[in-house]
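See structure below.
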Amino acid sequence: MARISIEVDGVGYSDDVEPRTLLVHYLREQVGKTGTVVGCDTSNCGACTVHLDGASVKSCTVLAVQADGHEVTTIEGLATGGELHPMQQAFHENHALQCGYCTPGMIMQSIDLLHDNPDPTEQEVRDGLEGNLCRCTGYQNIVKAVLAAAAATPTHSDAAAGTGRSGGTA
Amino acid sequence: MTVTEDRPTTEVGSSRLRKEDQRLITGRTRWTDNITLPGMLHLAMVRSPVAHAKITSIDVDAAKASPGVVAVFTGADINDEQGSLPCAWPITEDQLAPPHPSIAVETVNFAGEIVACIVARTAVAAKDAVELVDVEYDDLPVVLDMAAAAEGGDLTHPDLGTNVSATWVFDSAEAETGGNVEQAISEAEVLIERTFRQQRLIPAFMEPRSVVCDPTGEQTTVWSATQIPHILRLMLALTCEISESKLRVIAPDVGGGFGGKLQVTPEEVVTLVVSRRLARPCKYTETRSESLLAGHHGRDQIQKLTLAAKQDGTVTGLKVELLADMGAYLGLVTSGIPILGAFMYNSIYKFPSYRFVCKNVFTNKNWTDAYRGAGRPEATFAIERLMDELAAEIGVDPIDIREKNWIKHEEFPFSTVAGLEYDSGNYEAATAKAKELFGYDALRAEQRQRRDAGDQVQLGIGISTFTEMCGLAPSRVLGALSYAAGGWEHASIRMLPSGKVEVITGSSGHGQGHETAWSQIAADRLGMPFDDIEILHGDTQVSPRGLDTYGSRSLTVGGMAVVAAADKVIEKAKPIAAHLLEADADDLEFSAGRFNVKGTDSSVGLTDVSLAVFAAHNLPDGIEPSIDAEATFDPANFSFPHGTHLCAVEVDTETGETKIRDYTCVDDIGKVVNPLIVEGQVHGGLVQGIAQALFEEAVYDDAGTLVTGSFVDYLVPSAADIPHFTTGRTESPSTTNALGVKGVGEAGTIASTPAVVNAVVDAVRHLGIDDIEMPCSPHRVWTALQTASSGADTPRDKTMVDDNADPSHNAQVSDGSGAEGFTGQGGLG
């Protein structure tokens, strides 16, 4: 067993884990963050995507011990003070989810995508979500939601960047 | 975050944002694998690595001694309790089926079959111990090729004496729904003969299957990631000989199904049996590899087709000779899947004669069963590919050849050669709208230009004018097809004293948006606010009657049950309202949630009546103090959505790479309850159909090992693989239900596969290619191009794929006759 200290969704945890424990299993089974889910065992599907120190990772490819001393944000830590994160709101308003199983990972990856590229083209959104699989939506409304979230968030470089897009959240 | 807004005057038809989203976007979800119970044990399965063998010994001692392991069970250990997994659809009286144990007892019949079950205190400990079980196998001949299996040779199940499970025939001459197809073939001016392979697919829902059983207490509670909690309860009771009343099945949040969770699984039975044996709650959650290996597969058919026509393009007959690979066993509806296609080969067309013969064949592979569309995508692919081939053969536009043969809108209702009555549709309108949205004529012009210029990248245009039968189903029809159950659906409505409403539905949504759509229907019917309506489902104790969700049935059957229950509520409330208003019930009219005395301003709200019956202080003499109601709706007919799908594909003739440039579809699903949800269903359906055309295939090697056993090899497309879709609708209301609605859940999947393959073939037809086998991978397309340019003579009847020889890269190529094809200048006079 190894002792780790991790901040998850703003709360500090110190736990003993087996060295082989994956971060996703630690989050689900020891911290109780069952909003983050497992969809495959080959790091293809991205359902388990969380943020590690603000950047997206597939939590099935990170050992819990590797997250020692770091901050993890899960889908459950996004909404603050009863307010949905703009990306959560955009997914809702654009019908970007059906069964919802891929949704936590998809939202976490989408936030990271806009962090890296605040004003993406449709193709850049599609390429940026390549590591997250969805079987229900056909992706069209997910892409629409990400573009809408980008349009709703003024960027430093071009505050008017989103004016030409449809499906905004205003 | 929630803004109160004016309620639309009618809910039905409005793009309401979904109620169910809030928990799903915030991670407040109840997936089965999230459930933990005090004292809960964890299961892991030991699975056969070989496809066909006798089990000679199983040594579980080391596994039992492994830390944390509580017990290990083999098939022999639970054979008295596990029963045989059910097949609810014996398609013929003499259908053959082997016993189907959840844990194999004497032989294993496909790679992935369970041979032992580890029970441990943690999931990790259970998985660790799997490696410690030592099973010895005595290999048996492996049967993999369904065509060879149908002819005899090695047997999947020697005790049955044959690999053929059943042969099912429909003949329009015998059924008196049309003429004799052999006569049509013998008199044909044009004969199109093709053999198509429907490759094996995997449903690949995103949530792996999971089951939790809690045997503590008087009832055993089963949570399962299932589409069918009601059917599962009945079948678990019958299979394990447990009183049905002692079982409660709950489908909590379920992460997609697509037919893949329409099953009674070995894992469910084992978890139930083991938890009862140990008197402890038990959980089993599969890995993705196990899901791909052992969750049932779909499709896997070989279609030999003969289309007879006149020189002017009028089709005179269609003969279908089908081989369907059952895999090693019959699952819940395995044998009936090809039969669901039998009624759809004639599609939207007025064929005068039709014959369908299907042989269901056993092989040593995972069993097949329902996957989105279930029989109808296969049929639609076959006929839509054939119509393109007929058009090419006689040199006319593929849309014109369809129009020549399709049912005109004024000819509805129309009795088809397959014996169905289509209630409504307008193929002309949908096609005209699709052509306009797509820019059909301009794309044809560009295609001509690129062909003339000999461009490396060629443009192909594919068409699919589909219909399908869905909304399963009129119970009498299911009975006539020997299906074991009916096709009704149930709903009940509880009018709460606070003015809120609970609608309990027997259909069991898992992503479709039932909670939103049902609220819209009930809101309109009862005149109540959308937000005051709560939808309860997926728990046999809450919703005691139901037949669950599959076959695009929820709205057309389950939604209609909600309508019927709401109407009963109003009827029950009426005499009480009259009493409260001191009026005659005949003088009341119900509108916008209130009973009004006609011609006066005197009225009482339905919620006032709810409170009045709760108090029961002041009711008419002898009246029951309740306005709650329930209804069971059995549809009078299937529903027949249709649409025209157009696809433009660019094919690189040097590399074989295909790229969808445009995809436009116009679907007619009758009246629409929620356009937002409908569009989402179409998008998702399209991608699953496109995936069959271009990406996905479950491949077994020579030994019967699944080589596409992870998402590395089984190519579920990502956002980067998929184009933007242009969607539109026309509206021909169903005439067989009060909502005027038709199913939409499977439409996109059924329609899109032939549209894409027709486009790929169309792009290279002028180079001497008239078919490419699915999935149309770059390698297959490239091989077809190479073979065509080398002038190799590969008669198409002999190019049927041996999927053991080269599982993912076969191309089926014609001899190059009729290579010119259509380039836009023809037409039918």
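Lettering of chains follows the sequences in order, A, B, ..., and the numbering in each one begins at 1.
- Taking chain A as the reference chain and counting heavy-atom pairs below 4.5 Å, the highest number among B/Pro203, B/Gly511, B/Ala719 is found for B/Ala719.
- In terms of heavy-atom pairs under 4.5 Å with chain A, the best-connected choice from B/Gly685, B/Pro717, B/Gly513, B/Ala691 is B/Pro717.
- Contact of the B/Val678 side chain with the B/Asp667 side chain is not registered, since no non-hydrogen atoms from C-beta on lie closer than 4.5 Å.
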Open item on the list: Does B/Lys659 form a salt bridge (Lys or Arg N to Asp or Glu O under 4.0 Å) with B/Glu650? I'd like the steps, not just the answer.
Closed with: CA-CA 5 Å; B/Lys659 183 169 179 291; B/Glu650 289 183 329; 5.1 Å; no

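- Within the 4.5 Å cutoff, the side chain of A/Gln66 has no heavy atoms near those of the A/Leu52 side chain.
- Within the structure, every pair that satisfies the salt bridge (Lys or Arg N to Asp or Glu O under 4.0 Å) test and touches residues 30-46 of chain A, not counting sequence neighbours, is listed here: A/Asp9-A/Lys33.
- Residues satisfying the ring-ring contact (aromatic ring centres under 6.0 Å, His included) test with B/Tyr663, not counting sequence neighbours, are B/His645, B/Phe725.
- Counting heavy-atom pairs under 4.5 Å between each of B/Ile690, B/Asp721, B/Val687, B/Val716 and chain A puts B/Val716 at the top.
- Counting heavy-atom pairs under 4.5 Å between each of A/Ile107, A/Leu133, A/Val125 and chain B puts A/Leu133 at the top.
- With a 4.5 angstrom heavy-atom cutoff, A/Tyr101 touches chain B via backbone and side-chain atoms both.
- Interface remark: B/Val682 contributes no atoms to any contact with chain A (heavy atom separation under 4.5 Å).
- Smallest separation of non-hydrogen atoms from A/Arg135 and B/Ile202: NH2-O, 3.1 Å.
- Side-chain contact between A/Phe91 and B/Asp21 is absent, with no heavy-atom pair separated by less than 4.5 Å.
- In this structure the side chain of B/Thr726 never reaches within 4.5 angstrom of the side chain of B/Asp662, judged on heavy atoms.
- When B/Leu686, B/Leu292, B/Val124 are compared by the number of non-hydrogen pairs under 4.5 Å with chain A, B/Val124 comes out ahead.
- Around CZ of B/Arg121, the count of heavy atoms belonging to other residues, nucleotides or ligands within 6.0 Å does not exceed 12.
- In terms of modelled atom types and a separation under 3.5 Å, the side chain of B/Arg372 and the main chain of B/Gly745 share a donor-acceptor contact.
- Of the atoms belonging to A/Leu97, heavy atoms from both backbone and side chain fall under 4.5 Å from chain B.
- Top candidate by heavy-atom pairs under 4.5 Å with chain B, chosen from A/Glu76, A/Gln88, A/His92, is A/His92.
- We find the NZ-NE2 distance between B/Lys19 and B/His514 to be 14.0 Å, quoted to the nearest 0.5 Å.
- Ranked by heavy-atom pairs shorter than 4.5 Å toward chain B, the options A/Gly131, A/Gly35, A/Gly39, A/Gly32 are led by A/Gly39.
- At a 4.5 Å heavy-atom cutoff, the contact between A/Thr103 and chain B is made by side-chain atoms alone.
- Only the backbone of A/Val38 comes within contact range of chain B, judged by heavy atoms closer than 4.5 Å.
- When side chains are defined from C-beta on, A/Cys45 does not count as touching A/Asn132, because their heavy atoms never get closer than 4.5 Å.
- B/Gln512 does not touch chain A: none of its heavy atoms, backbone or side chain, sits under 4.5 Å away.
- Chain A is approached within less than 4.5 Å, heavy atom to heavy atom, by B/Thr29, B/Trp31, B/Asp33, B/Asn34 from residues 28-35 of chain B, ordered by number.
- Using a 4.5 Å cut-off between heavy atoms, A/Glu18 touches chain B through its side chain atoms alone.
- Most heavy-atom pairs under 4.5 Å with chain A, from the set B/Asp253, B/Thr287, B/Thr285, B/Thr36: that is B/Thr287.
- The distance from atom CG of A/Leu113 to atom CE of A/Met108, rounded to the nearest 0.5 Å, is 13.5 Å.
- Partners of B/His297 under the ring-ring contact (aromatic ring centres under 6.0 Å, His included) rule, at least two apart in sequence or in another chain, do not exist in this structure.
- Ranked by heavy-atom pairs under 4.5 Å with chain A, the first of B/His510, B/Arg23, B/Gln688, B/His724 is B/His724.
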